[in-house]
Structure formats: C-alpha cells, structure tokens
Undergrad: 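My structure is below; once you've seen it, I'll send some questions.
Counting begins at 1 with the first residue of the sequence. No experiment lies behind these values; they were computed from the predicted model shown.
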Amino acid sequence: KPATPEKHIGHVQEKPATPEVPATDEAGGETDPWEGFIAFVRKKKPLLASSLEHGHPLRVSATQLEIGFPAASFQLSRLQDPETMTALKGLAKAYFRAETGIRLVSLTEGQKDIPATLLEKKSLEEAGRLSLVKQAAASHPMVAAALEIFGGEIADISETDETDIE
C-alpha cells in the first residue's frame, strides 16, 4: 500500500508576508534596518554606501526601500543611473532576502518630518558624545582643583588618543 501524505488538521503556520529584516549587527547587537543595510552595502560597494549615507530613509522594509535625497543632488543623480540602480536592487535583495522595490524621492527644502540621514545621525551622536566628554573633563576633581589653585578658566577641551600619552 503506497504511503499517503499526512494531513495536518489544526493550526497552520503561515509564512510571514514580508521576510524578516536582519536585526543584528556583526557584534550581535540590535541594529536599525537602514544602518544595517548601509553597513552591508559598504562591505560590497563602499562608494555606493557613501551615497546612501546622504539619503533620508523614508520607508525601509524587506519589500520596499524609499530613499529621499535633496532635489538635483549628486547622490540622487548617481543613484538614478540604471547600472547603479541594478546594483542597489541586487544588494537589497541579498540583504533583505526578498525582492525589494526601490524608490528614490526628490526632496524639496522645507519638507517636514523627514527622518535624519545616517550622516546626520552620526553627527548628532558625536556632538552628544563630545558634550559628555567636555562635561566630564570640566567637572573632574583634579581640573577643579587646578582651576582653584591657578585661578584660571577652561578655554578648550580636546580629546587625545591613548597613543599620544606616554
């Protein structure tokens, strides 16, 4: 008697409508899908990644990437090149593990509620980090003691590499 296929009655596990976006970075930590995609592109095509860093991630999913750039910007015109678009679609498919549509949007000045570019996010993070470094240095007990002893004030605070200190 030939084997009959099993029939499953009850709950059927459906495949999600959109595949999961890789959600971890190389160190195993959580990452933003846009940042993760740019990091992935940087490994394969660094020049393309540098253009994407200027883009505003308007919509990022496994099935759709919508990226905004200032109207008439170099990055927008570069990414609109058919060869570049083909490469970008291939990289998106490899990263998101799905057919990913890509839409480039020309942004006009004054548009509101636009997500920050990766470069803008990095700049804000760096400014915040430097502010914390300056606060920590200015409030350090030895700095406070030196200011009191010499009656001076802090003119500028700069970071040094550990290799600078010997």
Side-chain angles (χ1 to χ4, degrees), residues 2-136 159-163:
T4 57
E6 290 183 33
K7 292 185 181 181
H8 293 288
I9 300 174
H11 298 299
V12 176
Q13 184 177 359
E14 292 185 25
K15 207 173 180 182
T18 56
E20 289 290 317
V21 174
T24 57
D25 60 16
E26 290 179 352
E30 294 289 317
T31 187
D32 173 84
W34 179 239
E35 290 179 30
F37 177 63
I38 291 177
F40 177 79
V41 172
R42 186 178 328 304
K43 290 178 190 171
K44 311 279 185 188
K45 300 242 180 214
L47 289 175
L48 182 55
S50 67
S51 289
L52 291 173
E53 287 179 325
H54 293 270
H56 297 269
L58 304 175
R59 182 172 176 207
V60 180
S61 73
T63 57
Q64 183 69 37
L65 266 182
E66 192 171 304
I67 313 163
F69 292 91
S73 68
F74 168 77
Q75 289 80 16
L76 179 61
S77 62
R78 181 172 187 273
L79 291 170
Q80 288 173 331
D81 174 72
E83 286 181 31
T84 304
M85 183 59 82
T86 300
L88 186 57
K89 284 181 180 180
L91 290 164
K93 182 177 181 177
Y95 180 76
F96 292 109
R97 298 183 197 111
E99 288 296 330
T100 307
I102 298 176
R103 182 169 173 250
L104 301 175
V105 179
S106 179
L107 301 173
T108 58
E109 285 190 40
Q111 284 184 285
K112 296 183 180 171
D113 299 329
I114 298 173
T117 68
L118 187 57
L119 289 178
E120 291 168 344
K121 284 173 83 173
K122 285 180 179 179
S123 179
L124 288 172
E125 288 170 3
E126 180 66 9
R129 189 187 69 73
L130 286 175
S131 176
L132 290 174
V133 166
K134 288 180 179 185
Q135 282 178 336
E159 291 183 281
T160 58
D161 288 340
E162 289 188 25
T163 56

Undergrad: With rounding to the nearest 0.5 Å, note down the distance linking CG in L79 to CD1 in I67.
TA: 6.5 Å
Undergrad: Got a sec, which residues hit side chain to side chain donor-acceptor pair (under 3.5 Å) with K89, two or more places apart in sequence or on another chain?
TA: none
Undergrad: Work out which heavy atom in L58 is nearest to a heavy atom in P115; give both atom names and the distance.
TA: CD2-CD, 3.8 Å
Undergrad: Shortest non-hydrogen contact from L47 to S50?
TA: O-OG, 2.7 Å
Undergrad: Rounded to the nearest 0.5 Å, how far does CD1 of I38 lie from OG1 of T117?
TA: 8.5 Å
Undergrad: Start with the C-alpha gap between L76 and H54, add the side-chain angles, then the distance that decides, and say whether side-chain contact (heavy atoms from CB on, under 4.5 Å) holds.
TA: CA-CA 9 Å; L76 179 61; H54 293 270; over 6 Å; no
Undergrad: Could you walk me through whether M85 and Q80 pass side-chain contact (heavy atoms from CB on, under 4.5 Å), step by step?
TA: CA-CA 6 Å; M85 183 59 82; Q80 288 173 331; 5.8 Å; no
Undergrad: Which residues satisfy the side chain to side chain donor-acceptor pair (under 3.5 Å) test with E35, sequence neighbours excluded?
TA: K121
Undergrad: Side chains of L52 and L88: does their closest heavy-atom pair fall under 4.5 Å?
TA: yes
Undergrad: What distance do E66 atom CD and H56 atom NE2 have between them, rounded to the nearest 0.5 Å?
TA: 13.0 Å
Undergrad: How close do F74 and S77 get, heavy atom to heavy atom, and via which atoms?
TA: O-OG, 2.9 Å
Undergrad: Let's go through R103 and R59 carefully: what are the C-alpha distance in whole Å and the side-chain angles of both, what is the deciding distance for side-chain contact (heavy atoms from CB on, under 4.5 Å) to 0.1 Å, and is it a yes or a no?
TA: CA-CA 9 Å; R103 182 169 173 250; R59 182 172 176 207; over 6 Å; no
Undergrad: Please report the closest heavy-atom contact between A62 and T100, naming both atoms and the distance.
TA: O-OG1, 2.7 Å
Undergrad: I need the L48 CG to L91 CG distance, nearest 0.5 Å.
TA: 6.5 Å
Undergrad: Decide side-chain contact (heavy atoms from CB on, under 4.5 Å) for L65 and W34; before the verdict, give the C-alpha distance in whole Å, the side-chain angles of both, and the deciding distance to 0.1 Å.
TA: CA-CA 9 Å; L65 266 182; W34 179 239; 4.0 Å; yes
Undergrad: Output the distance between atom OG1 (T84) and atom CG (L104), rounded to the nearest 0.5 Å.
TA: 10.0 Å
Undergrad: Which pair of non-hydrogen atoms, one from K45 and one from A87, has the smallest distance, and what is that distance?
TA: CE-CB, 4.3 Å
Undergrad: Is Q64 reaching over with its side chain to a backbone N or O of S61, donor-acceptor style, under 3.5 angstrom?
TA: no
Undergrad: Can you name the nearest heavy-atom pair linking S51 to Q75, along with the distance?
TA: O-CG, 3.7 Å
